[in-house]
There are 2 protein chains.
Amino acid sequence: MMQPQGRPRPKIDDVAREAGVSRGTVSRVLNGGHWVSPPALAAVNAAIKKTGYRVNPHARNLATNKANSVAFLLTETHDRLFADPNFAVLMRGAADALAEHDIPLVLIMAGTDDEQRRATDFLTAGHVDGVLLVSSHGSRKGVIADIIAAGVPAIACGVPLGFEKKMGYVAADDYQGALELLEFLDNGGRKRIATITGPQDTSGGIRRLEAYRAHQGEAFDEALVAPGDYSRESGARAMRELLARVPDVDAVFAANDLMALGALEVLHDAGRRVPEDVAVAGFDDISAASAATPALTTVRQPFDRISEEMVRLLLDVIAGKNHAAITIPTELVVRESA
Amino acid sequence: MMQPQGRPRPKIDDVAREAGVSRGTVSRVLNGGHWVSPPALAAVNAAIKKTGYRVNPHARNLATNKANSVAFLLTETHDRLFADPNFAVLMRGAADALAEHDIPLVLIMAGTDDEQRRATDFLTAGHVDGVLLVSSHGSRKGVIADIIAAGVPAIACGVPLGFEKKMGYVAADDYQGALELLEFLDNGGRKRIATITGPQDTSGGIRRLEAYRAHQGEAFDEALVAPGDYSRESGARAMRELLARVPDVDAVFAANDLMALGALEVLHDAGRRVPEDVAVAGFDDISAASAATPALTTVRQPFDRISEEMVRLLLDVIAGKNHAAITIPTELVVRESA
DNA sequence: CTGAAAGCGCTTACAG
DNA sequence: CTGAAAGCGCTTACAG
């Protein structure tokens, strides 16, 4: 039943009057219907429908001291949010998981200092019950510290560097995933395996490089390492570097798919065949990975599991439980590029 | 001053006691500081700092009957949000404009029926004071109708088809912009100008095609029109169609840049030189347009102006003024592709 | 199972 | 300029 235009919005007392019960009884059916007799329940439900009553969230939030919403905090600029498909996948997963509990997801960006200040204000003001923290670059540590200091429940995606003990998180097993991929390249007979790294103030970027270092062991050669920042362009740039420095490179492990895609382009333009001359592999398994030519061999991050677990852990923390850390295994996806 | 962990959050009475004034006086300084004597004001400010007081938004919202936030409603799936850079630009602009009024922007997606239902619930429950409506496909008319029926202030980006009279909006001048571009192609000596259309349940898609139709006049030929949906892939598909159907096509006007980029790729693969053999032009001027090879000639939509005006109009409607419609001129950006 | 009452933390006329 | 008081619309012990 649509609430008629103009008329004052019905409140709980209107429903109570209509149903011939007290305000408390109406509230009880609103909150689960426990300890309410069947006839009362029926009367109230009918009255709600008849009046078009909808609970006033502000009043409820004030009374319960909860916000009934959760924030998705992205410590990135708007541009990167839209450039990296992982964020979209993560956000949709979180929104879906939260929807089952009827909790809206509020997206907050903190890419600039100014945004960061506003985000902190917003999050610590009580607007939300908790926050899902995504992509915590070192440069944004202030937000994390503030959130923790304010006692706002939060769960990070990936290891929140420097705050591992104070904030729960769920992360893919970057190290094992990368190692598995590198061994696969080995088995393919590759001799000169280079890597394009992710940002080194990010747990994923660090761990994937550690795996590379461990895998190379004695053979580790600084010349085979080119830095990237997870953007496609940085992958292309790194690949050009690598090609100039190590002409006989025969495999490249990019720390994410976007950079692998950039590398693919550069190799194509340079006339190197993939995978014949150079094997290329990424990390993430974004949808563009399978669509690429050649289709990209990569390590799949189980983003749906990740977002699901993040929501679960966050609701736990909000409910008063201690935070926890979860590591989720990745999966090697072999396609054409390696 | 950081609110100490654990300790109960200070409330307005704590500040009042600390400052030696009444609760009303504290509230007055919180709300602008009018009608407060200088000494009282100083005392209150000091007390606020000392106690670490922050206003409880739920209590304030209940008392004022306002939410103090605005929604950015995207009637698209998560995927498209991240695929189309225009949304990012629009959202950042809106967030910035709103930030000046200290109003947070809440992103709401309504791509699926389920999301649409939840979005409507959320928006009409009083969680936000108004909504910025973006990309109103015909398939999502229900949300618009519900928002209007519930009397929630809203401003659309682009003409809200079927609701032009009931909802304010700000739109780029699609018709003039497209016409200007087509005339430019004319002047370049192009004889067989094709078009790749946008979705026809969208005001931009419709108006840009109308301009094309008007421009062609007598020469209008159905074979020169290929449908797209604003995605890059659809642009590529349309270009292939066009090439097969009209081998002598010498110019293509794509209804947005993403599709123009797709067309560029196909032409390149087909061995057609751009702009020598075929001129290509888009609409929007996304950042990838200038980065493309060749750089894309296009019609710039002034997204910063658009988001700014949307916010202005929305705040007006929230303040009780009548809604208004604004059309903003576009700008022809000539680069290499045409 | 139900109602009367207190309380959530603010704002805002109103009287002074 | 300031304080006392009512009110915003809910929830939740508490007594019955």
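So that the names make sense, note that chain A is the first sequence line, chain B the second, and so on, each numbered from 1. Keep in mind that the numbers below use all heavy atoms, side chains included, and drop hydrogens, waters and symmetry copies.
By the side-chain hydrogen bond (donor to acceptor under 3.5 Å, both in side chains) test, Thr120(A) is found to be paired with no residue, residues two or more places apart in sequence or in another chain being considered. Residues passing the side-chain hydrogen bond (donor to acceptor under 3.5 Å, both in side chains) test with Asn86(B), sequence neighbours excluded: Asp84(B), Asp284(B). Residues meeting the side-chain hydrogen bond (donor to acceptor under 3.5 Å, both in side chains) test with Asp114(A), sequence neighbours left out: Arg117(A), Arg118(A). By the salt bridge (Lys or Arg N to Asp or Glu O under 4.0 Å) test, Lys66(B) pairs with no residue at all, sequence neighbours left out. Residues meeting the side chain to side chain contact (heavy atoms under 4.5 Å, CB included) test with Ala97(A), sequence neighbours left out: Val311(A).
For DNA chain C, the span of nucleotides reached by chain B at under 4.0 Å from its heavy atoms goes, 5' to 3', from dG9(C) to dA13(C).
To the nearest 0.5 angstrom, Leu315(A) atom CG is 9.5 Å from Lys321(A) atom NZ.
Within a heavy-atom distance below 4.0 Å of DNA chain C, no residue of residues 64-71 of chain A is found. For residues 20-30 of chain A, proximity to DNA chain C is found at Val21(A), Ser22(A), Thr25(A), Arg28(A), defined as any non-hydrogen atom under 4.0 angstrom from a strand atom.
Among pairs with a residue in residues 110-133 of chain A, those fulfilling ring pair (Phe, Tyr, Trp, His ring centres under 6.0 Å) read Phe122(A)-His127(A), at least two apart in sequence or across chains. Note on residues 156-165 of chain B: no pairs pass salt bridge (charged side-chain N to carboxylate O under 4.0 Å, His left out), not counting sequence neighbours.
For Arg312(B) and Glu309(B), the salt-bridge test passes: some basic side-chain N is under 4.0 Å from an acidic carboxylate O.
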Just list the side-chain donor-acceptor pairs under 3.5 Å for residues 12-19 of chain B, sequence neighbours left out, or say none.
{"from": "Asp14(B)", "atom 1": "OD1", "to": "Arg17(B)", "atom 2": "NH1", "distance (Å)": "3.4"}
{"from": "Asp14(B)", "atom 1": "OD2", "to": "Lys11(B)", "atom 2": "N", "distance (Å)": "2.7"}
{"from": "Glu18(B)", "atom 1": "OE2", "to": "Lys50(B)", "atom 2": "NZ", "distance (Å)": "3.1"}

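Under the 4.5 Å side-chain criterion, counting only non-hydrogen atoms from C-beta, Leu107(B) is in contact with Met91(A). Thr75(A) places none of its side-chain heavy atoms less than 4.5 Å from the side chain of Val134(A).
Taking atom P on both dA5(C) and dC1(C), the two are 24 Å apart, rounded to the nearest angstrom.
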Query raised in the report: Step by step, would you call Leu133(B) with Ile155(B) a side-chain contact (heavy atoms from CB on, under 4.5 Å)?
Result: CA-CA 6 Å; Leu133(B) 187 57; Ile155(B) 294 293; over 6 Å; no
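Place Ser37(B) and Ala63(B) on DNA chain D by their nearest nucleotides, and Ser37(B) ends up nearer the 5' end.
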Query raised in the report: Taking only Watson-Crick and G-U wobble pairs with both distances under 3.5 Å, what dot-bracket line describes DNA chain D, where [ ] shows pairs that cross earlier ones and | shows pairs with another strand?
Result: |||.||||||||.|||
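The residue Asn31(A) sits close only to the backbone: its heavy atoms come under 4.0 Å of sugar-phosphate atoms, none of a base.
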